[in-house]
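The structure under discussion appears below in the form of structure tokens.
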Amino acid sequence: VQLQASGGGVVPAGGSLRLSCAGSGHAFRSYTLAWFRQATGKQREFVAAISWGDSRTVYANSVKGRFTITRDNAKKMLYLQMNSLKPEDTADYYCAAQSSGTMASQNYGYWGRGTQVTVSS
């Protein structure tokens, strides 16, 4: 599966942004999908994931209640709605896919290019 993230930009603190990730491949609907982020000088961290079967979701504590992950299998799209953004949310955001494994782990086999999100204070 191939992935391409988009939708990043510059937004003031408290604002909202919606990231999109376009997927390809006939098995897209069979993959668990996730968003990760990496800020300058920091390690990549898990943000949110959504399962392939029942669309169960998992979130990092730092974004719980502010971010929402969704998927549209018919369109082969993954989304991340980000509300109440904070300067500490500034990072490059990546979408990823895995066929099996722990949803909140780093063990995703497929990664898309990142999209940059900057939250100004």
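Annotation: the span from Ser55 atom OG to Asn73 atom CG amounts to 6.5 Å, rounded to 0.5 Å. Atoms CG and CZ, on Leu19 and Phe67 in that order, are 8.0 Å from each other to the nearest 0.5 Å. Interatomic distance, Thr70 OG1 to Arg18 CZ, rounded to the nearest 0.5 Å: 6.0 Å. We find the OG1-CD1 distance between Thr68 and Ile50 to be 10.0 Å, quoted to the nearest 0.5 Å.
Here disulfide (SG to SG under 2.5 Å) pairs that include residues 73-121, with residues two or more places apart or in two chains, are Cys21-Cys95. Contacts classified as side chain to side chain donor-acceptor pair (under 3.5 Å) and involving residues 91-111 (residues at least two apart or in different chains) are given here: Arg37-Tyr93, Arg44-Gln106.
Under the 4.5 Å side-chain contact rule for hydrophobic residues, Trp35 and Val11 share a cluster. The hydrophobic clustering, which links ILVMFWY residues whose side-chain heavy atoms are closer than 4.5 Å, places Tyr79 and Phe46 apart. Both Ile69 and Val63 are members of a single hydrophobic cluster when ILVMFWY side chains are connected at heavy-atom separations under 4.5 Å.
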Name each donor-acceptor pair under 3.5 Å that joins a side chain in residues 113-121 to protein atoms two or more places apart or in another chain, with its distance.
from: Thr115; atom 1: OG1; to: Gly8; atom 2: N; distance (Å): 3.0

What side-chain donor-acceptor pairs closer than 3.5 Å can you find for residues 80-87, not counting sequence neighbours?
from: Gln81; atom 1: NE2; to: Asn83; atom 2: OD1; distance (Å): 2.9
from: Asn83; atom 1: OD1; to: Ser16; atom 2: OG; distance (Å): 2.9

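Residues that satisfy the side-chain contact (heavy atoms from CB on, under 4.5 Å) test with Lys64, not counting sequence neighbours, are Tyr59, Asn61. Arg56 pairs by the side chain to side chain donor-acceptor pair (under 3.5 Å) definition with nothing, not counting sequence neighbours.
Listed here is the closest heavy atom pair of Met103 and Val58: CE-CG2, 3.8 Å.
Remark: side-chain polar atoms of Arg71 are paired, donor with acceptor, to backbone N or O of Ser51 under 3.5 angstrom. Side-chain atoms of Trp52 do not come within 3.5 Å of backbone N or O of Leu33 as any donor-acceptor pair.
Within 6.0 Å of the CD atom in Gln2, the count of heavy atoms belonging to other residues, nucleotides or ligands does not exceed 12.
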